Every structure is written in structure tokens, then in C-alpha cells.
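Quick notes on the structure that follows.
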Amino acid sequence: MKLNRNTVFDCSIIDISKVQNEVGNITVVENGINIPFDVKRVYYLYDIPGGEARGGHAHYELEQYVIAASGSLDVILDDGKNRKIVTLNRPNFALHIVPGLWRELDNFSSGSITLVLASLEYDEKDYIRNYDQFLEFKK
Ligand code: TYD
């Protein structure tokens, strides 16, 4: 399947299991077990000033799991035709973002920490940072 054909409906919320007991919870993500790609890179967003948005780009190849490790945020997904807003507010749920979609992250709660598990190493060449260029890619 050509990656530029991916739509917002190819993204899903994954319920990651949690190990729960009286001393707290652990949620585990393991390559080959409960994530559909191998994790090559992990990063996290924190100290986001109130009212700020992040993202505002698409990726040609990169797949991601986005997890509200603490607090909450909204992820706006856009495939050029459809838009979907997903609220993340539980550390045991991941939003799987497939390649070829425009995304914005906003409405971060104060003190939130957003964990991102990525299928590729950082590569600026994998980014589409211009929305018109993104629409051209989706044609
Ligand atoms: P960017 O991906 O544009 O952040 P966001 O989508 O959250 O707004 O990255 C912001 C800056 O950080 C940019 O200069 C590139 C740098 N960066 C890295 O060096 N390595 C990484 O793994 C990531 C995600 C970003």
C-alpha cells in the first residue's frame, strides 16, 4: 500500500495492558509483542508552555505511538480529506499514527509529559513541514 494513501481511519487507539497492584502500575511496550513496528527512538515532550501547539508536519515513512505518560493532550490527525481529534489522557493507551498523515498536538495540560515511540531514527528528510506540499503528496 502506498503510504500517501493512508487516512486518519488507519490510526487507532491501542489499549496497552497494565500490570496493576497496590504499589502502582507498570505499562510495558515490547517490540514484536504489542506494537506494530520496532521502536528505534524514544522521545518525550514536556514543559510545554500553556496554549502552545507542536507537530504541524507529516512524515513520509515514520510511524509513531503517542502516549500521554502524564496529563493530557489532543492530537489532530489530517489526511488532506478527513480530520480527526484524539484526546489522550491515560498512560496505558497509545495512539498509533501511521505514516503520511499531517498531525498537530495541542491542548497540553499543565505539567504533561507526552511519550513518543518512533519507528525510525531522526531524519529531517522524512518530514513534510509545509501543508500545501503535504496536500500535493496526498494527490
Ligand atoms: P519536531 O519534530 O519539529 O517537534 P514537534 O513536532 O514536537 O514540534 O522537532 C523539534 C526540534 O527538535 C527540531 O529542531 C528537530 C529536533 N529533534 C531532534 O533533534 N531529534 C528528534 O528525535 C526530534 C523528535 C526532534
Side-chain angles (χ1 to χ4, degrees):
M1 180 167 182
K2 286 184 73 183
L3 297 178
N4 68 342
R5 297 270 183 254
N6 280 341
T7 75
V8 298
F9 305 108
D10 296 311
C11 295
S12 49
I13 299 276
I14 314 295
D15 183 354
I16 315 167
S17 63
K18 81 180 159 188
V19 181
Q20 196 168 13
N21 64 32
E22 58 281 358
V23 291
N25 303 331
I26 298 178
T27 287
V28 183
V29 179
E30 277 179 285
N31 287 341
I33 306 282
N34 58 354
I35 185 164
F37 55 84
D38 278 354
V39 178
K40 291 266 177 52
R41 178 165 53 108
V42 173
Y43 62 91
Y44 37 100
L45 308 173
Y46 58 98
D47 287 350
I48 312 290
E52 285 297 336
R54 314 244 356 171
H57 62 250
H59 289 280
Y60 291 107
E61 303 273 349
L62 186 78
E63 282 182 73
Q64 291 164 311
Y65 259 20
V66 179
I67 298 169
S70 182
S72 62
L73 73 151
D74 289 342
V75 182
I76 300 138
L77 299 168
D78 180 337
D79 59 24
K81 290 201 172 84
N82 311 286
R83 274 165 72 86
K84 186 159 123 175
I85 300 179
V86 179
T87 299
L88 295 172
N89 54 16
R90 304 273 297 280
N92 62 314
F93 282 83
L95 172 63
H96 178 211
I97 305 183
V98 297
L101 297 185
W102 191 265
R103 90 287 313 278
E104 279 162 33
L105 281 59
D106 72 3
N107 211 11
F108 290 92
S109 65
S110 172
S112 65
I113 302 175
T114 303
L115 180 62
V116 183
L117 311 181
S119 63
L120 297 170
E121 283 141 19
Y122 174 74
D123 179 3
E124 188 57 37
K125 293 194 291 302
D126 190 60
Y127 281 76
I128 309 173
R129 293 194 182 272
N130 176 284
Y131 190 73
D132 289 336
Q133 200 182 325
F134 168 70
L135 292 178
E136 202 54 41
F137 164 70
K138 294 302 276 183
K139 276 185 184 164

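Just so you know, ligand 1 is whichever comes first in the structure, and atom 1 is the first atom listed for that ligand. On a predicted model such as this, the values are computed, not experimentally measured, just so you know.
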So, for atom 14 (O) of ligand 1, does the protein have a heavy atom nearer than 4.0 Å?
-> no
Do Cys11 and Leu77 touch side chain to side chain, with heavy atoms closer than 4.5 Å?
-> yes
Is the backbone of Ile76 close enough, under 3.5 Å, to the side chain of Asp106 for a donor and an acceptor to pair up by distance?
-> no
Within the side chain of Asp38, is there an N or O that forms a donor-acceptor pair under 3.5 Å with the backbone of Asn31?
-> no
May I ask whether atom 11 (C) of ligand 1 is less than 4.0 Å from at least one protein heavy atom?
-> no
Ser70 side-chain N/O to Ile113 backbone N/O, donor-acceptor pair under 3.5 Å = no
Arg129: heavy atom below 4.0 Å from ligand 1, yes or no?
-> yes
Please indicate whether any nitrogen or oxygen in Leu45 is less than 3.5 Å from any nitrogen or oxygen in ligand 1.
-> no
Quick one: nearest non-hydrogen protein atom to atom 24 (C) of ligand 1, plus distance?
-> Arg41 NH1, 3.4 Å
Closest to atom 19 (O) of ligand 1 by heavy-atom distance, out of Tyr122, Tyr43, Tyr127, is Tyr122
Is there a donor-acceptor pair under 3.5 Å between the side chain of Lys138 and the backbone N or O of Leu101?
-> no
Between Phe137 and Phe134, what is the ring plane arrangement, given parallel below 30°, perpendicular above 60°, and tilted in between?
-> tilted
Short N or O distance, Arg54 and ligand 1, threshold 3.5 Å exclusive = yes
Subset of ligand 1 atoms that lie under 4.0 Å from at least one heavy atom of His57 | 2 (O), 6 (O)
